Structure formats: structure tokens, C-alpha cells
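Here the structure comes first, spelled out in C-alpha cells, and everything after it is commentary.
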Amino acid sequence: MTATAPGKIILVGEHAVVYGRPAIAAPVWQCVATATIRAAAPGAGCTLHAQDTGQQLRLDEGSVEEPLLLVARLALAQLGLDRPDWQIDLHSDIPMASGLGSGAALSTALVRAIFRQAGSEVDPATLSALVYESERFYHGTPSGIDNTVVAYGQPIWFVKDAAFQPVHPGCALTLVIADSGVRSPTKETVGDVRTAWLRDPARYEAIFDAIGETVVQARLAMERGDLPGLGVLLDANQGWLEELAVSSVLLRRLIDVARAAGALGAKLSGGGRGGNVIALVEPAAVDPVCAALRAAGAARVLVTQIE
């Protein structure tokens, strides 16, 4: 039994979303995580093999705080199963610690595969709730946006502790995603922003408010199909992320290169200091922007559409 789950990008609103402001996110089906389950010998128990990291994890051993073991145990408990004799193989072509939601995607694929192996399908709300528990170990204080967008597989408007809303763009959005090649765990940047917020809450609340207003305007631009207006808002969001000190010299260079090559707007996506840059482009600019980003040192370039 096999199940997959997509990567994700945050279009606008990262970091501020942890503090109750809105964000917009979308799935990226050009990179996916896959979980495959097959029967093991009777009495063999359940083993998870994470092919990309070389991990071999037994369900009846190890710390419950290992995220994949945790979410597997929670899914089996939801189904009323105890220690099935299964071999579970996990693979992902989503770079880790890159802002593309690799942890949420792996956990989502794993939970889906477990339910299917048990002869059931998991509804998106249950799936998202289960995956959120593993996200706490990846990110420390997650907003819940990654598990939501990956579990539902559609563009969403997200506010922490509120029901998400689907977002319906007035026209297709073409995005170029450039991987900087620098791994940067979201947990670290989220923790650093929290430390700074605790030192100077008034300043950081004002920045979060500004990001939140940018997200509101970005949704309106998306729904109108106003691509130039949305590009300006991506640039504005990047400016506020720089105020939060989560950008970097490399990310800034990739952003500048994308803009110079014809992107309507560009920003980092995710935790920052590494990971990915996203650039909003018109179809005619896809090839020159991709070429410019590769020439500037991007480790990987993907093109996706939000519809």
C-alpha cells in the first residue's frame, strides 16, 4: 500500500502566522513524500525505514519523541491497531530543513498509508490533527499551517486556532522556487524570533501587524488576478522578513537576481536564513528567471502553479 503527500510553500505571512496573523500557503506537487507498507513476517513487528536518512525505527523501541514513530503510533491508536507486522518504507524528494514542509509531508504520507493498509481512508481533518503532533517536534511552536496545507492539498488562508479557508486565485499563479542549498531548521529561526519578540514585544508586534496587512492585501490581489500587485506585496513581505532578521546574504542575492531577470516579485519562503526563495513570474519569464537563479548558485529550481 502506497500513499503520497506534497511539499508546500508559504506564499506570504510566515513567522507572523505563529503570532495569530494570517498566512497564505499552497501545496507543491512537483516534490512529494511517499510511504509504502508491505506485510512483514508474523511476529516481526512494525519497522519504519527512512530511506533518505538511513534510519531504521522499530515501533516498539525508541523514544516516543521521534516524530515519525510518534505519528505512526498515534495513527495506529486511532485505528485501534497494536503492533502490526509491517515494513514501512519512507522516501521524500523534498529537501529537509528547506521550508518546503518535508516533515509534514513525510508524516502525512505515513498516516495515509497506515490507514489504507488498515482498509480505511483518513479524512483531512483527522490527518491534519495527527500530523500536527509530529510538527511540534520539528518546529517547537508550530502554527499548524504546514500540516493543514499538506493534509488538504489546496491553497489556504490560515489563521492559528481558526478554521482555514480555501483561496481561489482569479488566475493561475506561476511560481519559480529556488533552493538555496542551505539547510535551516524552522525550529531555530522560529525560536530566535520568539526570543527577540520577548525582548521587545511592541516592535515585533508592529512588524507582525504589517505582515498581516500584507497578507490581507495579497489575498485580494490573488482573487482579482492582479499579478503585478501581488508581486509588489511579495516584495513588501520580504522587507518585513528582513526586519525580523530571518533573511540572509544568499537569499537576498537570489531574490535580487530573480527580480532582475523579470520576476514580478520575490521573497524567501518558510523559516528563512536558508531554504527557498519564491518568485512570481509571468509565463514568458519562467525560463530566464530559472536560468538566472541557476547561474546565481541555486541548488535546485522548480516551477509550480497555484490555481
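Because the structure is predicted, anything quoted here is derived from the model rather than measured.
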Cation-pi check, Arg38 onto Trp86 ring (under 6.0 Å, within 45° of axis): no
Is there a donor-acceptor pair under 3.5 Å between the side chain of Thr195 and the backbone N or O of Gly191? yes
State whether the side chain of Asn276 and the backbone N or O of Ser269 hold a donor-acceptor pair below 3.5 Å, judged by distance alone. no
Between CD1 on residue Ile177 and CG on residue Leu100, distance to nearest 0.5 Å: 6.0 Å
All heavy atoms of Ala258 vs all of Leu293, minimum pair found to be CB-CD2, 4.1 Å
CZ (Arg83) with more than 12 external heavy atoms under 6.0 Å: no
Is it the case that the side chain of Glu282 and the backbone of Ala285 share a donor-acceptor pair, with hydrogens and angles ignored and the cut-off at 3.5 Å? no
From CA spacing to verdict: side-chain contact (heavy atoms from CB on, under 4.5 Å), Leu173, Gln305: CA-CA 5 Å; Leu173 311 180; Gln305 281 199 327; over 6 Å; no
May I ask you to test the Leu106-Leu68 pair for a side-chain heavy-atom distance under 4.5 Å? yes
Report yes if some heavy atom in the side chain of Gln217 is under 4.5 Å from a heavy atom in the side chain of Leu233; otherwise report no. yes
Does either side chain, that of Thr36 or that of Thr2, offer a donor lying less than 3.5 Å from an acceptor on the other one? yes
Return yes if some donor-acceptor pair links the side-chain N/O of His15 with the main-chain N/O of Leu244 below 3.5 Å, else return no. no
Check: Ile306 and Leu175 side chains under 4.5 Å, non-hydrogen atoms: yes
Could you tell me if the side chain of Arg183 sits less than 4.5 Å from the side chain of Pro95, heavy atoms only? yes
I'd like to know whether Arg219 forms a side chain to side chain donor-acceptor pair (under 3.5 Å) with Gln165, so could you lay out the CA-CA distance, the side-chain angles of the two residues, the decisive distance to 0.1 Å, and finally the verdict. CA-CA 11 Å; Arg219 181 177 184 175; Gln165 301 171 24; 2.9 Å; yes
Under a plain distance cut-off of 3.5 Å, with no hydrogens placed, do Thr189 and Asp192 share a side-chain donor-acceptor pair? no
Which atom names give the shortest non-hydrogen contact between Val17 and Lys160, and what distance separates them? O-CB, 3.9 Å
Just do the side-chain contact (heavy atoms from CB on, under 4.5 Å) check on Glu242 and Arg252 with the steps written out, would you? CA-CA 9 Å; Glu242 291 176 3; Arg252 185 73 226 188; 2.4 Å; yes
Just checking Tyr19 against Trp197, ring centres under 6.0 Å apart? yes
Approximate separation, where rounding is to 0.5 Å, of Asp200 CG and Ile207 CD1: 8.5 Å
Just verifying a value: how many Å separate Asp146 CG and Ile10 CD1, rounded to the nearest 0.5 Å? 5.5 Å
All heavy atoms of Asp85 vs all of Ala44, minimum pair found to be OD1-N, 3.3 Å
Give a yes or no on whether the backbone of Gly170 and the side-chain of Arg224 come within a donor-acceptor separation of less than 3.5 Å. no
Return yes if a side-chain donor-acceptor contact under 3.5 Å exists between Ser128 and Asn147, otherwise no. yes
Ignoring hydrogens and geometry, is there a side-chain-to-backbone donor-acceptor pair from Thr126 to Val122 under 3.5 Å? no
Do any N or O atoms from the side chain of Thr214 and from the backbone of Ala210 form a donor-acceptor pair under 3.5 angstrom? yes
Begin from the C-alpha positions of Thr174 and Val303 and carry the test side-chain contact (heavy atoms from CB on, under 4.5 Å) through to its verdict. CA-CA 7 Å; Thr174 302; Val303 180; 3.9 Å; yes
Do Val32 and Val111 belong to the same hydrophobic cluster, where Ile, Leu, Val, Met, Phe, Trp and Tyr are linked whenever their side-chain heavy atoms lie under 4.5 Å apart, directly or via other members? no
Of the non-hydrogen atoms in Leu90 and Ala35, which two are nearest, and what is the gap between them? CD2-CB, 3.5 Å
Donor-acceptor under 3.5 Å (Asp60 side chain, Gly45 main chain): no
ILVMFWY network linking Val176 to Val232, side-chain heavy atoms under 4.5 angstrom: no
dist Ile145:CD1 -> Phe158:CZ (nearest 0.5 Å) comes out at 6.0 Å
Approximate separation, where rounding is to 0.5 Å, of Leu268 CG and Leu251 CG: 6.0 Å
Ile114 and Met1: CA distance, side-chain angles, deciding distance, side-chain contact (heavy atoms from CB on, under 4.5 Å) verdict: CA-CA 8 Å; Ile114 287 172; Met1 187 60 63; over 6 Å; no
Please confirm whether the backbone N or O of Ala172 pairs with a side-chain atom of Glu307, one donor and one acceptor, at under 3.5 Å? no
Heavy-atom distance under 4.5 Å between the side chains of Ser248 and Ser180, does that happen here? no
Positive for side chain to side chain contact (heavy atoms under 4.5 Å, CB included) with Ser247, one of Arg273, Gln238, Lys267: Gln238
Less than 4.0 angstrom from a charged side-chain N to a carboxylate O is my criterion; do Arg21 and Glu213 meet it? no
Decide if atom CG of Asp123 counts as having more than 12 heavy atoms of other residues, nucleotides or ligands within a radius under 6.0 Å. yes
OG1 of Thr108 to NZ of Lys8: how many Å apart, nearest 0.5 Å? 11.5 Å
Smallest heavy-atom separation, Val257 atom then Ala296 atom, equals CG2-CB, 3.9 Å
Any side-chain heavy-atom pair of Leu79 and Phe115 under 4.5 Å: yes
So do the side chains of Pro166 and Ile156 get within less than 4.5 Å of each other, counting heavy atoms only? no
If hydrophobic clusters are built from ILVMFWY residues whose side chains come within less than 4.5 Å, do Leu81 and Leu74 share one? yes
Ile24 vs Met222 side-chain heavy atoms within contact, under 4.5 Å: yes
Could you tell me if Thr47 and Gln87 have a donor-acceptor pair between their side chains, going purely by distance under 3.5 Å? no
Provide the closest heavy-atom pair for Asp235 versus Gly265 in the form atom of the first, atom of the second, distance. OD1-CA, 3.3 Å
Whether the side chain of Arg112 engages the backbone of Thr4 through a donor-acceptor N/O pair (distance < 3.5 Å, no angle test) should be reported. yes
